[in-house]
Number of protein chains: 2
Amino acid sequence: MAELNERSQNILEAIVKDYIASAEPVGSRAITRRHNFNLSPASVRNVMADLEEMGLLCSPHTSAGRIPTEKGFQYYIDTLLQVRDLTDTQKKQLRKSYRFSGMKMEDIMQEVGRILSGLSKYAGLVMVPKFASTVFRQIEFVRLSHGRLLVIYVSETGLVQNKVIKADSNLDQRQLEKISNYLNRELNGLTIQEVREKLKKEMQEEKTLYDQLRKKALSLSCAALQDEVEDQLYVTGTSLMLEQPEFSSPDEMRRLIQTFESKKILIDLLDRSQSAQGVQIFIGSDIDLKGCSLISANFSNRKGALGALGVVGPMRMDYSQVVPIVDFTAQLVSRVLDREAE
Amino acid sequence: MAELNERSQNILEAIVKDYIASAEPVGSRAITRRHNFNLSPASVRNVMADLEEMGLLCSPHTSAGRIPTEKGFQYYIDTLLQVRDLTDTQKKQLRKSYRFSGMKMEDIMQEVGRILSGLSKYAGLVMVPKFASTVFRQIEFVRLSHGRLLVIYVSETGLVQNKVIKADSNLDQRQLEKISNYLNRELNGLTIQEVREKLKKEMQEEKTLYDQLRKKALSLSCAALQDEVEDQLYVTGTSLMLEQPEFSSPDEMRRLIQTFESKKILIDLLDRSQSAQGVQIFIGSDIDLKGCSLISANFSNRKGALGALGVVGPMRMDYSQVVPIVDFTAQLVSRVLDREAE
DNA sequence: TGTTAGCACTCATCTCTTGTGAGTGCTAAT
DNA sequence: ATTAGCACTCACAAGAGATGAGTGCTAACA
């Protein structure tokens with residue numbers, strides 16, 4: 001991106017801010033009225049023409065004002081955006097909302113989503129801890145019927161996953177208990193990722209092993225943990241998005257709701273953000289959410305990244321306000337999870 | 001409802017059917033064209049005026065055709081609707097979609113919802129088995145920290161519920177095992193409802209009991225099972241509703257999405273239908289879904305009612321088509337659950 | 001040379017008008 | 001009892017100004 005002189009920057013910033021506030025195209029006169037740059041509308045127009053040439057602005061039609069393009073927003077976020085930190089009062093209030101003691105993981109996540117969307121007035125997303133990186137705490141088997149077996153897996157953070165598997169051999173409850181005892185001893189404190197690797201190694205080493213119990217335990221736990229569990233996503237406050245003027249037309253509404261309904265796009269997006277640290281902002285066609293932006297952050301406990309949360313809003317959302325909310329929320333959730341795990 | 005002569009019935013039926021097909025007000029001429037009653041439009045108009053007087057029809061404005069009122073729909077459903085059974089081919093196809101072996105309960109329910117909304121082109125609802133009426137199979141305790149205890153409860157159908165409780169006394173894993181063994185033996189085969197009653201009784205009888213283990217077991221399981229678990233509801237295909245012309249205005253869309261988002265209204269509704277047998281139809285202001293109808297049915301296994309499923313569509317939805325789908329689906333799900341449980 | 005006033009021009013939006021057509025209710029004839 | 005005929009209503013679409021916000025360009029100005 002070419003350098004912009006100070007005047008251009010000021011004007012771009014003014015346009016972006018005005019547009020964020022009004023959702024309407026911004027005209028040259030409006031700018032001179034609302035900000036006192038000591039410039040005439042005509043001069044502002046010249047600058048605006050330049051900014052349009054650079055692809056930072058565009059006008060919906062000849063006689064409307066300008067609106068920032070995606071590139072314009074990107075520039076704004078990269079170089080002009082100043083995120084003010086939350087005030088202590090706000091922080092305190094947020095902390096107060098996060099009294100999760102005695103709630104189970106799913107409910108916590110849902111509640112976090114609600115709070116996020118409530119604060120931001122946009123849609124809140126929370127992706128629950130990725131299965132592969134959770135830390136093993138306990139595994140239990142429950143016999144159902146026809147050799148079908150319910151496997152219940154509990155992570156250190158109290159996340160419960162369950163899965164039905166087929167066990168060919170007819171194991172009785174007694175044997176199952178032995179097996180789960182064995183596994184609980186053996187796998188304690190490892191992440192699922194590590195458990196998988198360990199199992200794989202052992203399976204190879206002990207192919208010819210005569211220890212029946214161990215053999216069965218290995219094959220059972222393999223079956224239980226082999227395939228990736230689909231990430232679970234909680235979406236809250238989609239209807240708030242429908243209040244935004246950019247989604248006021250029926251077609252846009254339908255598109256938006258369909259997107260939120262499928263969840264797949266959102267999961268991919270949050271997955272992508274998983275690798276990075278801190279708050280991330282995805283804009284527009286970056287993501288498959290036309291006209292939207294996503295502000296996301298990971299949460300984690302001491303053992304590493306666990307999940308991601310964020311806010312989806314219109315591209316012109318109030319970044320300076322939402323970014324710190326997302327950031328602080330992610331930190332709070334991380335702390336809660338640490339506390340729970342300890 | 002006053003009796004209607006045959007001609008009036010025929011005309012009412014024609015109007016309802018045409019309106020279901022077109023979502024437009026139906027005029028007198030349109031009726032004589034599409035159905036041959038050997039009547040002139042003027043005669044039809046006379047009848048329509050009568051039907052309007054009775055509150056079965058209304059016209060949006062003077063020079064539009066008539067549309068059925070809520071009462072009109074009610075009359076149609078009660079006395080005119082003929083539900084054709086599914087053809088064998090359709091049944092076979094449906095059965096083929098329902099191969100759920102090896103899936104866990106939540107996934108089954110979600111899939112059922114998807115199929116329902118896919119077939120009906122409206123929104124599908126599935127409410128998971130009511131906790132209180134599930135049959136106890138197994139209970140497990142997992143220690144988390146600070147005396148917080150994760151209780152995992154498994155029903156006979158493989159439904160897993162979990163909950164975090166506070167256990168004041170410091171129990172080690174060994175004692176917990178003993179307790180769960182004791183409870184598993186003691187409570188096997190009872191519904192949660194029965195378990196609760198039993199616990200209550202025993203707690204009273206054995207207040208002064210010196211058997212420490214038993215006492216702890218009782219108080220733990222009481223804490224674990226005491227409060228009602230919120231019914232879980234799966235909603236699918238809301239975006240399909242937005243395609244319907246009655247919800248094409250932004251305001252209607254917002255209202256609809258908000259309703260679906262809160263879920264509470266829908267849960268109450270399905271709860272209400274729980275008591276009855278077979279397919280039920282709720283119309284319009286009966287329920288808090290303006291302009292919508294709900295077709296619902298319960299599913300159950302041999303032990304009794306477990307949950308409910310249904311389809312929410314516009315009031316003018318194609319009842320003759322959707323009713324048998326909902327009916328047959330409920331039967332299929334019941335059978336699947338029986339098979340799983342056996 | 002950068003800035004600004006002035007001006008012609010564009011174009012979405014609102015309002016007002018008019019025409020059209022589907023549908024109605026009433027009346028009189030069959 | 002049924003129906004043809006007719007006047008009437010009213011939503012909706014199309015067209016015509018009027019309005020106003022905003023632009024680009026040019027020429028004058030500091």
Side-chain angles (χ1 to χ4, degrees), chain A residues 4-12 14-16 18-19 21-69 72 245-246 248-250 252, chain B residues 4-12 14-16 18-19 21-69 72 245-246 248-250 252:
Chain A
L4 288 184
N5 61 40
E6 197 178 329
R7 173 187 294 182
S8 306
Q9 285 202 348
N10 286 340
I11 288 177
L12 178 58
I15 292 174
V16 171
D18 283 11
Y19 181 65
S22 71
E24 304 267 287
V26 182
S28 54
R29 235 184 73 94
I31 288 186
T32 56
R33 247 187 292 117
R34 299 176 45 128
H35 310 75
N36 48 343
F37 292 139
N38 289 328
L39 283 178
S40 75
S43 307
V44 173
R45 279 206 286 280
N46 289 331
V47 177
M48 282 162 92
D50 295 347
L51 291 172
E52 180 159 10
E53 185 116 6
M54 286 189 253
L56 298 172
L57 298 179
C58 67
S59 46
H61 56 85
T62 23
S63 75
R66 303 298 214 292
I67 61 179
T69 60
E246 36 265 274
S248 65
S249 88
E252 290 301 313
Chain B
L4 288 185
N5 61 39
E6 196 178 330
R7 174 187 293 183
S8 305
Q9 286 204 345
N10 286 339
I11 288 176
L12 177 59
I15 292 174
V16 172
D18 282 12
Y19 181 65
S22 71
E24 305 268 285
V26 183
S28 54
R29 234 183 75 92
I31 288 187
T32 55
R33 249 188 291 117
R34 299 176 44 130
H35 311 75
N36 46 345
F37 291 139
N38 288 328
L39 283 178
S40 74
S43 307
V44 173
R45 279 206 288 279
N46 289 329
V47 177
M48 283 161 91
D50 295 347
L51 291 172
E52 179 159 11
E53 186 115 3
M54 286 187 253
L56 299 171
L57 298 180
C58 68
S59 45
H61 56 87
T62 22
S63 75
R66 302 299 212 293
I67 60 178
T69 60
E246 35 265 273
S248 64
S249 88
E252 290 300 313

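All chains are named by letter (A, B, ...) in the order of the sequence lines, taking the proteins before the strands, and each is independently numbered beginning at 1.
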Atom CG of A:Leu39 and atom P of C:dG2: how far apart are they, to the nearest Å? 14 Å
Assign A:Ser59 to base, sugar-phosphate, or nothing according to its heavy-atom contacts below 4.0 angstrom with the strands shown. nothing
By side chain to side chain contact (heavy atoms under 4.5 Å, CB included), which residues pair with A:Ser248, not counting sequence neighbours? none
Nucleotide D:dA4, atom P - distance to CZ of B:Arg45 in whole Å: 11 Å
Counting just side-chain N and O atoms, does B:Ser28 come under 4.0 Å of either OP1 or OP2 of C:dT24? yes
B:Met48 CE to C:dT24 C1': how many Å, rounded? 9 Å
Considering residues at least two apart in sequence or located in another chain, which fulfil the side chain to side chain contact (heavy atoms under 4.5 Å, CB included) criterion with B:Ala64? B:Pro25, B:Pro60, B:His61
Check: A:Leu12 and A:Leu57 side chains under 4.5 Å, non-hydrogen atoms: yes
Expressed in angstrom and rounded to an integer, what is the separation of B:Ile67 atom CD1 from D:dA11 atom C1'? 14 Å
Has B:Arg7 got a side-chain N or O lying under 4.0 Å from the OP1 or OP2 atom of D:dA1? no
All heavy atoms of A:Glu52 vs all of A:Cys58, minimum pair found to be OE2-CA, 4.0 Å
Please assess B:Ser8 against B:Asn5 for the test side-chain hydrogen bond (donor to acceptor under 3.5 Å, both in side chains), listing each intermediate value before the final yes or no. CA-CA 5 Å; B:Ser8 305; B:Asn5 61 39; 2.7 Å; yes
Would you say B:Arg66 reaches C:dG25's phosphate, i.e. side-chain N/O to OP1/OP2 under 4.0 Å? yes
OP1 or OP2 of D:dT23 versus the side-chain N and O atoms of A:Ser63: is any pair under 4.0 Å? no
Whole-Å gap separating P (C:dA12) and NE2 (A:His61): 5 Å
Rounded interatomic separation in angstrom, taking CG from A:Asn46 and P from D:dC25: 10 Å
Atom-to-atom span, CD of A:Glu53 to P of D:dT23 - whole angstrom: 16 Å
Establish whether the base of C:dG23 is bridged to the side chain of B:Arg29 by a donor-acceptor pair shorter than 3.5 Å. no
Short side-chain N/O contact from B:Thr62 to OP1 or OP2 of D:dC10, under 4.0 Å: yes
Nearest-Å distance, CG (A:Asn38) to P (D:dA30)? 17 Å
